[in-house]
Amino acid sequence: MSKMSVNLAGVTLKNPVMTASGTFGSGAEYSEFVDLNHLGAVVTKGVANVPWPGNPTPRVAETTGGMLNAIGLQNPGIDVFCERDIPFLQKYDTKIIVNVCGKTTEDYCEVVERLANEPVDMLEINVSCPNVKEGGIAFGQNPKALEAITKEVKKYAKQPVIMKLSPNVTDITEMARAAESGGADVVSLINTITGMKIDINRRTFALANKTGGMSGPAVKPVAVRMVYQVANAVKIPIIGMGGIASAEDALEFIMAGATAVSVGTANFINPYTTQEVVDGMEAFLEKQKVEDINQLIGCVK
Amino acid sequence: MSKMSVNLAGVTLKNPVMTASGTFGSGAEYSEFVDLNHLGAVVTKGVANVPWPGNPTPRVAETTGGMLNAIGLQNPGIDVFCERDIPFLQKYDTKIIVNVCGKTTEDYCEVVERLANEPVDMLEINVSCPNVKEGGIAFGQNPKALEAITKEVKKYAKQPVIMKLSPNVTDITEMARAAESGGADVVSLINTITGMKIDINRRTFALANKTGGMSGPAVKPVAVRMVYQVANAVKIPIIGMGGIASAEDALEFIMAGATAVSVGTANFINPYTTQEVVDGMEAFLEKQKVEDINQLIGCVK
Amino acid sequence: MGTKVKETCTVISQECIGKDIYSMWLQTKTIAGNAKPGQFVSVYTQDGGKLLPRPISLCEIDKEKGALRLVYRVTGKHTGTEGFSRLGAGAQLDLLGPLGNGFPLEEAEGKKVFLMGGGIGVPPMLETMKQLHAQKMAVLGYRDELFLDKEFAKNGDVYIATEDGSAGTKGNVMDAIRENALEADVIFACGPKPMLRAIKAYALEKGIPCWISMEERMACGIGACLGCVCQSTEVDSHSHVHNKRVCKDGPVFLSTEVEL
Amino acid sequence: MGTKVKETCTVISQECIGKDIYSMWLQTKTIAGNAKPGQFVSVYTQDGGKLLPRPISLCEIDKEKGALRLVYRVTGKHTGTEGFSRLGAGAQLDLLGPLGNGFPLEEAEGKKVFLMGGGIGVPPMLETMKQLHAQKMAVLGYRDELFLDKEFAKNGDVYIATEDGSAGTKGNVMDAIRENALEADVIFACGPKPMLRAIKAYALEKGIPCWISMEERMACGIGACLGCVCQSTEVDSHSHVHNKRVCKDGPVFLSTEVEL
Ligand SMILES: Cc1cc2nc3c(=O)[nH]c(=O)nc-3n(C[C@H](O)[C@H](O)[C@H](O)COP(=O)(O)OP(=O)(O)OC[C@H]3O[C@@H](n4cnc5c(N)ncnc54)[C@H](O)[C@@H]3O)c2cc1C
Ligand SMILES: Cc1cc2nc3c(=O)[nH]c(=O)nc-3n(C[C@H](O)[C@H](O)[C@H](O)COP(=O)(O)OP(=O)(O)OC[C@H]3O[C@@H](n4cnc5c(N)ncnc54)[C@H](O)[C@@H]3O)c2cc1C
Ligand SMILES: Cc1cc2nc3c(=O)[nH]c(=O)nc-3n(C[C@H](O)[C@H](O)[C@H](O)COP(=O)(O)O)c2cc1C
Ligand SMILES: Cc1cc2nc3c(=O)[nH]c(=O)nc-3n(C[C@H](O)[C@H](O)[C@H](O)COP(=O)(O)O)c2cc1C
Ligand code: FES
Ligand code: FES
């Protein structure tokens, strides 16, 4: 058996396969399809200091090879999350990564502080959601703002901090470097790409929010490119995502320089995807006689 | 019959359907499939002051719902172009738009000047090609550089100037405004989105150039979003493109605010696409009893 | 692991039963065995460009054979449903299910029940009617052409409304109720929003409980993505906001629980 | 408008003729009627996620029936070619063609000709051999399992090379020529680059003309996108740089015209 475990800022994952925030709830729904014990980590849906109702519907729309979503970070708030979702995930032998959202720097810090003494392994700071008016992507499209919020969050964080980057920027390496300077332990990318769909018969937007975030296989080439660029720009590890639907896809990200990968939209198409990616990666390593997955990280230069 | 003609900076197109630069050569190859007389305009492959050999192969790769290309602006140079390609296109009752590329501002201006007395209707300045090291996207990702080159080009241009924008930016409206300030008569968008594909079995890049430009239906939501944003930011007309493969797709762009549209990658999948888009748009107008296509431009707010 | 599975099913038969309306029987391994009336399945296209599932209600459930019947409308050219309509016997199709809660038959046992369906909301009422032990009145609304109406007639009384008046009452299902002076103790309904709104108002007025099956755009189909919410009148116990997930908390809701 | 068209064709028959090697006969309206040996067609998948054409050479052309035979390798799981291999008689498939130039048969009429094919480069040599009036020697190279070899034998002499030595000469096509002490005045060849390189060197050494069929990734297939170029030894008259388009100027080139 080849070695599948990887290390993210001191946290050892049994394998590099995680879930992408917002596509896997807090794991309960998908636990009916996959054994969460087999995953490297579960990354939860973004959680804020208070419950958020999210956007009006329609919130999702299909696009060629992908989808748009404008959920708008609906979440039950950090209190319910700590009482209900963390205990649920604790029953499994997998790492728990909490995705944090907010409108202001204070909101983010409040949630991060609240999680300091909870049994969670890492925090992922979502400064790249294109579907909310305040917060979100505003921090993620400006390197100075990104560095500043990273510094603030790090003051309160007891767990390693992952900064989640937006692909809606001219230069992703500038953003990754800003996160690194701010003290981020890990960067994850990509969040969704802002898109729009118009219903020509009704002469209106397909999403109530007008724009939404594009995800799924259609965005994979952009995601792989950005992971490759970031891997050559910063020293901290990278969690790669964007369109991963198979072990082959996941390996593209690893070879481009990601230490771990997340499966998002593909869960909706096939709820067994995460498990299949783990199995497929193991099979690839065996077949190609690679002893340790770490040997493949960034091997394509 | 509903009115299909549109006006782009004083140039009247018989209908809003054009070809996207680089996907239609100079029209000769596709004239075996479609009657060029039926198109609003033919936009040629980018032409430089001297012949360019382009990039090594593989130059194209398939991605989910789209493709990557890194042709690298191979072209026979402006002299051959004026002798061979313009006379060919002149035989048809369609507008001729020449796409211009270069490495330096001087290169662009040289081509633009050379075209001043040629029977071409408009010039499209490609400052957004992601596949060449110099020139290209360097101008297209910096608003100051874009404004400056627009101004320079306008000094030499006898025909209306279309500035072609890159989607690989944080804020497309900033770029469109820069082009407008520089004196651009029209903006066209989007050029391709930079992407990468890795061949995991050979542990190498699918394209010799490592990265390529993503196009095709997969990118349409990004393109529609950007056209919508730009339509709400500038007063000059917009040529919309990115993934158009049907009349329905074209109408999304028109309703988002484009005055004309270009068909690119879809030609490769179905060489009759341009004609089918014209026919389909006419049928839509008839069915929905819209007298004039201009009534639909930007109708979704 | 639960009773919901994604499995590759085989088309047993398919026929066109009206303009753009298709009826398909599918052989499942486990989905039919676990299914209830009012539940639905996510149907996947074989087209790598069309990734999201198409939620389709169960029209009939044959537990013995392990078969399901889906009756669906082809919504246009180049759609996923058009692709489904091309599949003949022996073709394969991926389904995820059974999904959602289904109609609470126990709330209606032995009572006078309206089973109301409008348009493409008609199909799920058929299995519901078949499994319900009660005094059943199907009230079915169509634009013009009828479908499935004769199959309802085998299971109880049927009242028809058509918009163009070509059959039954001219108008909608509410018009059919009035014209026939029908009365019920419980309502189960599925159909377009305006119809559900009218039914909800009628049920409130009459003071009778009414369950309605809702529709929303979906991605996961199992409650994880929060794509398909509808507004709830009270703060929901799962979401802790005024949202309920149509795919998981529904698609069937007590009409007073949700905003329409 | 030219002779190239995109048309929807019907599968007449399909069979597996070797490990991952399929042979498909297609009914065309006009493509077969206009086709020449050494030309190819762009074959389109029915999957909206897989948009680019798959270029496949013509293995046989039946002008009378308007039918084409394609022999192709399924390159892996979830590929376009895997999709093609699933199509049975009566299924429909979109083809664009005929594309490219084909072999210049007139250059070889009445001479001693090697028809060399390696691996999945073997199929196009079959129709070429059938149409050529000359002293024909097919030299076919395989990894292990043979395919189509008996059909070549009906049209002239056949020499086989296999990498594992299971049939004919152990080695490659050049080894087969040496082992059988064969001589020719003209060469037509199709196969992997290393094979073409060896053949080009051999032809240069012997001072005989040699036409080779090249492969490159394609998008348009008709010469418009410049995706599929190969390097030419001289400045090309169309491109005005050292590039020729495999899809339009080729796929068949005089070996001395191109860099390998
Ligand atoms: C719980 C539920 C049960 C349903 N039961 C039935 C049924 O039994 N028979 C039937 O004909 N229809 C039913 N529908 C509607 C059916 O899901 C849509 O008509 C279908 O998804 C349209 O897909 P398409 O491929 O034709 O259209 P496309 O335009 O190709 O669809 C694009 C995307 O939009 C989604 N979409 C489009 N229209 C709808 C819609 N009205 N509701 C939800 N998603 C939509 C599709 O699922 C897909 O993701 C049901 C919907 C829901 C939510
Ligand atoms: C002129 C020409 C003639 C050919 N004739 C034959 C033939 O007769 N029989 C046969 O089996 N094969 C032939 N090939 C190779 C054949 O085109 C590829 O094997 C096929 O396109 C692979 O597609 P896929 O769906 O299996 O792979 P995928 O991996 O799904 O293909 C992805 C993309 O890459 C392209 N691609 C992958 N491999 C190749 C390749 N080797 N050459 C060109 N494009 C490729 C595909 O066309 C597609 O656009 C020919 C190639 C060319 C250029
Ligand atoms: C429905 C949906 C909801 C999402 N919600 C969140 C979220 O709450 N926080 C976050 O950081 N990213 C969120 N994302 C982005 C994903 O985590 C991921 O970055 C993106 O979808 C790209 O990966 P994919 O193509 O595999 O889905 C969401 C994506 C989708 C599709
Ligand atoms: C093969 C290829 C070559 C291209 N060459 C050029 C070019 O020379 N100049 C240019 O401005 N854009 C070029 N483009 C970009 C297209 O004109 C267009 O902006 C882009 O492909 C998006 O449209 P589409 O999705 O319809 O293809 C090229 C695109 C492709 C696919
Ligand atoms: S579709 Fe995902 S929560 Fe309902
Ligand atoms: S494939 Fe487009 S030029 Fe050859």
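First the proteins, then the strands, lettered A, B, ... as listed; each starts at 1.
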- request: Check each atom of Leu296(B) against the heavy atoms of chain A and say whether the ones under 4.5 Å are side chain, backbone, both or neither.
  value: side chain
query: Of all of Ile200(B), Val222(B), Val224(B), Val227(B), which one pairs up most often with chain A through heavy atoms under 4.5 Å apart?
result: Ile200(B)
field: Heavy-atom check, side chain of Ile238(B) versus side chain of Leu189(B), under 4.5 Å
entry: yes
- request: I would like to know whether Leu207(A) and Met196(A) meet side-chain contact (heavy atoms from CB on, under 4.5 Å); could you show each step before the answer?
  value: CA-CA 8 Å; Leu207(A) 296 177; Met196(A) 177 181 281; over 6 Å; no
- request: Would you sort out whether Ile293(B) and Val290(B) count as a side-chain contact (heavy atoms from CB on, under 4.5 Å), showing the intermediate values?
  value: CA-CA 7 Å; Ile293(B) 183 86; Val290(B) 179; over 6 Å; no
field: Sub-4.5 Å side-chain heavy-atom contact between Ile239(B) and Val187(B)
entry: no
message: If I measure from the heavy atoms of chain A, does Phe284(B) come under 4.5 Å with its side chain, its backbone, both, or neither?
response: side chain
Scan chain A against chain B and return every donor-acceptor pair whose distance is under 3.5 Å.
{"residue": "Thr170(A)", "atom": "N", "partner": "Thr170(B)", "partner atom": "OG1", "Å": "2.9"}
{"residue": "Thr170(A)", "atom": "OG1", "partner": "Thr170(B)", "partner atom": "N", "Å": "2.8"}
{"residue": "Thr170(A)", "atom": "OG1", "partner": "Thr170(B)", "partner atom": "OG1", "Å": "3.2"}
{"residue": "Thr194(A)", "atom": "O", "partner": "Arg225(B)", "partner atom": "NE", "Å": "2.9"}
{"residue": "Thr194(A)", "atom": "O", "partner": "Arg225(B)", "partner atom": "NH2", "Å": "3.1"}
{"residue": "Met196(A)", "atom": "N", "partner": "Pro221(B)", "partner atom": "O", "Å": "2.9"}
{"residue": "Ile198(A)", "atom": "N", "partner": "Glu252(B)", "partner atom": "OE1", "Å": "2.9"}
{"residue": "Arg203(A)", "atom": "NH2", "partner": "Gln288(B)", "partner atom": "OE1", "Å": "3.2"}
{"residue": "Lys210(A)", "atom": "NZ", "partner": "Tyr228(B)", "partner atom": "OH", "Å": "3.4"}
{"residue": "Pro221(A)", "atom": "O", "partner": "Met196(B)", "partner atom": "N", "Å": "2.9"}
{"residue": "Arg225(A)", "atom": "NE", "partner": "Thr194(B)", "partner atom": "O", "Å": "2.9"}
{"residue": "Arg225(A)", "atom": "NH2", "partner": "Thr194(B)", "partner atom": "O", "Å": "3.1"}
{"residue": "Tyr228(A)", "atom": "OH", "partner": "Lys210(B)", "partner atom": "NZ", "Å": "3.4"}
{"residue": "Glu252(A)", "atom": "OE1", "partner": "Ile198(B)", "partner atom": "N", "Å": "2.8"}
{"residue": "Gln288(A)", "atom": "OE1", "partner": "Arg203(B)", "partner atom": "NH2", "Å": "3.3"}

message: Could you walk me through whether Met18(B) and Leu13(B) satisfy the side-chain contact (heavy atoms from CB on, under 4.5 Å) test, starting with their C-alpha distance in whole Å, then the side-chain angles of each, then the deciding distance to 0.1 Å, before giving a yes or no?
response: CA-CA 9 Å; Met18(B) 332 196 323; Leu13(B) 275 55; 3.7 Å; yes
- prompt: Atom CE of Met226(A) and atom CE of Met175(A): how far apart are they, to the nearest 0.5 Å?
  reply: 10.5 Å
query: Do Val60(A) and Met67(A) touch side chain to side chain, with heavy atoms closer than 4.5 Å?
result: yes
task: Take Ile254(A) and Met281(A) through the side-chain contact (heavy atoms from CB on, under 4.5 Å) test and state the conclusion after the steps.
output: CA-CA 10 Å; Ile254(A) 302 266; Met281(A) 284 174 76; 4.1 Å; yes
message: What part of Leu251(A) gets within 4.5 angstrom of chain B, counting heavy atoms only: side chain, backbone, both, or neither?
response: both
